[in-house]
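Per chain, numbering begins at 1; letters A, B, ... match sequence-line order.
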Amino acid sequence: MVLGLVKFTGLSTRLLNICVHSLCKFRKIEKAETLITDGIRLGVSPDVVTYNTLITGYCRFVGIEEAYAVTRRMRDAGIRPDVATYNSLIAGAARRLMLDRVLYLFDEMLEWGLYPDLWSYNTLMCCYFKLGKQDEAFRVLYKDLRLAGLSPGPDTYNVLLDALCKCGYVDDALEMFREMQSRFKPGLMTYNILINGLCKARRVGTAKWMLTELKRSGYTPNAVTYTTILKLYFKTRRIRRGLELFLEMKREGYTYDGYAYFAVVSALVKTGRTKEAFEYMQELVRNGRRHDIVSYNTLLNLYFREGDLDAVDDLLGEIERKGMKADEYTHTIIVNGLLRTGQTRRAEKHFVSMGEMGIGLNLVTCNCLVDGLCKAGHVDRALRLFESMEVKDEYTYTCVVHNLCKETRFVCASKLLLSCYSKGIKIPSSARRAVLSGLRMSGCYGEARMAKAKMKLAQVGDS
DNA sequence: ATAGGGTTAG
């Protein structure tokens, strides 16, 4: 009815698009479809923008196949998909890391006489980086773009800088940042990407400098900047400082989206301050925030820490009732929670069922299980799992080294520790101390001397 | 398409 009235102003399709856009944004895809049908009945024709918006919605909330099916409907309606249509589909496929599909869409675009634009290539490069295919990503940057007659834009640099930081090449990112500065004025997002990369790499001094650069460029730190710094405080165990910053953020109105709350709650849970953690969670709900899976995970972890297993069961039921999908964090929290509450068998069973549900093996979950099995006295079972793991990280090694020491298997622990040095895996010095003092205490002075010498050598080789 | 929130060792 409203659309019928507005038709006279000539704005009808634009209004339709605005409505479809906001419906899609809030997951109301079916309502958007109904609106389009009603529009057609009233003589308001959808255009390419309408369909592109719908496709973006399907990609986000439904699936690639369903989104792709819309392109056929477009063609039937006599509307030709454009570059933006394909960019939406490519983005959807890239988000799911479906590289084959991304490449197929590039081909199909060309077949229809459409040329991928900078946005398409940015997405492709990002997808390669996320899959760890750095060579291919750089090929897009240095070759494909040039062949297409395009050159990197500010967004290309943002994708690149973020990917470099996340692969651990923060210095390369900084170098690339300088290159970027010679061509464009970096945006606030660029600074946030670098500050985040520097904080995660614990390059606190450089991160602080980057923050002053951000301000010097005329920007004001936003909620993202603040949350990044907040996380740094918690990671470096400056809990009080972090809480002070959080209160400041609250005063200034930077906590509107709730992200900072979760950082605070998890820091409080880690330090055993579950009561305060609950208060913040309640505050969040009072502020009208609906639970998403992240918020459920935080709450779930909180209940496990409290040992409130009834609350855990209730919450899991609620998650299921709401049709929310448990993710890898949920499963890790469950496995770890069961282990910590002494339910080793149930934890193992849940772990097995994860495999049956087709959830890929998750490193963190494995780490929790290795540690939990050791602590429950099943060291041999833990070691078997440890041997079977294809990917291991510093957490894996640290917990096994410590648990071996607890079992007074110092020689074994020492061998493992030394293998870390040769692999370049950073192990906290507490593990080193545990091994060396253990060896000495059990009278293995020769082994202790030898291990110490080898560690020294490895460290020299490091630098 | 690109930035910040939730899981693990000591």
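S295(A) pairs by the side chain to side chain donor-acceptor pair (under 3.5 Å) definition with H291(A), not counting sequence neighbours. Scanning for side chain to side chain donor-acceptor pair (under 3.5 Å) contacts around R340(A) gives an empty result, with sequence neighbours left out. Residues satisfying the ring-ring contact (aromatic ring centres under 6.0 Å, His included) test with F386(A), not counting sequence neighbours, are Y397(A).
For L404(A) and dA9(B), the CG to C1' distance is 13 Å, given to the nearest whole Å. Here dA1(B) presents its P atom at 18 Å from OH of Y128(A), a figure rounded to the nearest Å. Atoms CG (L211(A)) and C1' (dA3(B)) sit 14 Å apart, rounded to a whole Å.
Legend: salt bridge (Lys or Arg N to Asp or Glu O under 4.0 Å) pairs involving residues 365-378 of chain A, not counting sequence neighbours, sorted by first then second residue: D371(A)-K375(A).
Residues F246(A) and Y280(A) place their aromatic rings such that the two centres sit under 6.0 Å apart. For F106(A) and Y121(A), the ring centers are positioned less than 6.0 Å apart.
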Side-chain donor-acceptor pairs of residues 406-414 of chain A under 3.5 Å, sequence neighbours excluded:
none

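Residue ring and nucleobase are stacked for Y259(A) and dG5(B), with a centre distance beneath 5.5 angstrom and an angle between planes beneath 30°. Taking the 5.5 Å centre cut-off and the 30° plane limit, the aromatic side chain of Y395(A) is not classed as stacked on dA9(B). We find that the ring of Y397(A) and the base of dA9(B) do not stack by the test of centres under 5.5 angstrom and planes tilted less than 30°.
Scanning atom types as modelled, no donor and acceptor separated by under 3.5 angstrom connect the side chain of N196(A) and the base of dA3(B). A donor-acceptor contact under 3.5 Å links the side chain of D257(A) to the base of dG4(B). Judged by distance alone with a 3.5 Å cut-off, a donor-acceptor contact links the side chain of N222(A) to the base of dA3(B). No N or O donor and acceptor, one from the side chain of D162(A) and one from the base of dT2(B), sit under 3.5 Å apart.
For DNA chain B, the neighbouring residues in residues 275-290 of chain A, judged by any heavy atom under 4.0 Å, are R289(A).
Here the nucleotide nearest the side chain of H402(A), chosen from dG10(B), dA1(B), dG4(B), is dG10(B). Distance from the side chain of I193(A) is smallest to dA3(B) among dA3(B), dT7(B), dT8(B). Of the candidates dA3(B), dG10(B), dG5(B), the closest approach to any side-chain atom of K166(A) belongs to dA3(B).
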